[in-house]
Amino acid sequence: QVRLLESGGGSVQAGGSLRLSCAASGITFRSYCIGWFRQLLGKEREAVAAIHFDGGHPYYADSVKGRAAISQDNAKSTAYLQMDGLKPEDTAMYYCAADYDCTLWVDGPAAAIRFWGQGTQVTVST
C-alpha cells in the first residue's frame with residue numbers, strides 16, 4: 001500500500017518560513033517524481049515543486065521560484081520543501097504527490113497524478 005505522509009504545515013506571518021516533509025512508503029522511491037501541489041478552496045490544484053530521485057533539475061512554479069527549495073533523502077524515502085519569504089497568497093492546502101511522470105507538474109493534469117498525501121495546511125498572515 002502506497003502512503004505519502006506529510007508534515008510541517010502551520011501558521012506563520014508573512015516573511016516567515018516553513019519546511020514541509022513527505023515520507024513515502026510502499027513505492028520504489030527512486031523510480032518516482034515527488035513533489036507538491038497546493039489548492040485553495042474552490043480552485044484547482046496547482047503545481048508547486050517537484051524533484052526526481054535519480055537527480056536532475058527540480059521543477060518550481062513561477063510563483064515560488066527563488067523562495068522554495070525542494071530536496072530529497074533517498075535513504076529515508078522522504079522529500080522536503082523549504083519555503084522562505086512566505087506571502088499571504090501562499091496560503092493553501094499543500095498536497096504531497098508522487099508519479100512516474102514528472103511532466104505532470106509542468107503540463108498537468110493534476111488529476112492524472114497516481115499517489116497523493118492527505119494534505120497539510122499552510123496559512124500565512126499579514
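- In this structure, Gly9 and Leu20 approach most closely via the heavy-atom pair N-CD2, 3.6 Å.
- Thr78 places a side-chain N or O within donor-acceptor distance of the main-chain N or O of Lys76, the cut-off being under 3.5 Å.
- Expressed to the nearest 0.5 Å, how far OG of Ser25 lies from CD of Gln1 amounts to 8.0 Å.
- Shown here for Ser17 and Gly85, the closest heavy-atom pair between the two residues is OG-N, 4.4 Å.
- Within a 6.0 Å sphere centred on CD of Gln13, other residues, nucleotides and ligands contribute 12 heavy atoms or fewer.
- Residues Arg67 and Asp84 are not paired through a salt bridge, judged by the lack of any N-O separation under 4.0 Å between the basic side chain and the carboxylate.
- To the nearest 0.5 angstrom, Ile51 atom CD1 is 11.5 Å from Trp105 atom CH2.
- In this structure, Tyr32 has its ring center closer than 6.0 angstrom to the ring center of Tyr100.
- Note that the OG atom of Ser77 and the CG atom of Leu4 stand 10.5 Å from one another [nearest 0.5 Å].
- Here the closest heavy-atom approach between residue Glu6 and residue Gly117 is recorded as OE2-CA, 3.5 Å.
- Residues Arg38 and Ser63 bring a donor and an acceptor atom of their side chains to less than 3.5 Å of each other.
- Note that Arg45 lies in the cation-pi zone of Trp116, set by a 6.0 Å cut-off to the ring centre and a 45° limit from the axis.
- Looking only at side-chain heavy atoms (C-beta outward), Pro109 and Leu104 come within less than 4.5 Å of each other.
- A donor-acceptor pair is defined here as one N or O able to donate and one able to accept, closer than 3.5 Å; no such pair exists between the side chain of Gln39 and the backbone of Met93.
- Contact of the Met83 side chain with the Trp36 side chain is not registered, since no non-hydrogen atoms from C-beta on lie closer than 4.5 Å.
- At a threshold of 4.5 Å between non-hydrogen side-chain atoms, the residues Asp99 and Phe115 do not count as touching.
- Atom CD1 of Ile34 is separated from atom CG of Leu81 by 11.0 Å, given to the nearest 0.5 angstrom.
- Tyr80 and Ser21 get closest at one heavy-atom pair: CD2-OG, 3.3 Å.
- In this structure the side chain of Ile113 never reaches within 4.5 angstrom of the side chain of Tyr95, judged on heavy atoms.
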Going through the checks in order, is the side chain to side chain contact (heavy atoms under 4.5 Å, CB included) test met by Lys43 and Leu41?
CA-CA 6 Å; Lys43 294 195 174 182; Leu41 193 64; over 6 Å; no
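- Annotation for Arg114: atom CZ counts as buried by contact number, over 12 foreign heavy atoms lying within 6.0 Å.
- Counted within 6.0 Å of CD on Gln118, heavy atoms from surrounding residues, nucleotides or ligands total more than 12; the atom is thus considered enclosed.
- Taking the side chain as every heavy atom from C-beta outward, Thr91 and Val122 never approach each other to under 4.5 Å.
- Considering every non-hydrogen atom in both Ala97 and Phe37, the closest pair reads CB-CD1, 4.0 Å.
- We find that Lys87 and Asp90 are not joined by a salt bridge, their nearest charged nitrogen and carboxylate oxygen being 4.0 Å or further apart.
- The heavy-atom pair separating Ile27 from Ala24 by the smallest distance is CD1-CB, 3.9 Å.
- The shortest side-chain heavy-atom distance between Tyr59 and Val106 falls under the 4.5 Å cut-off.
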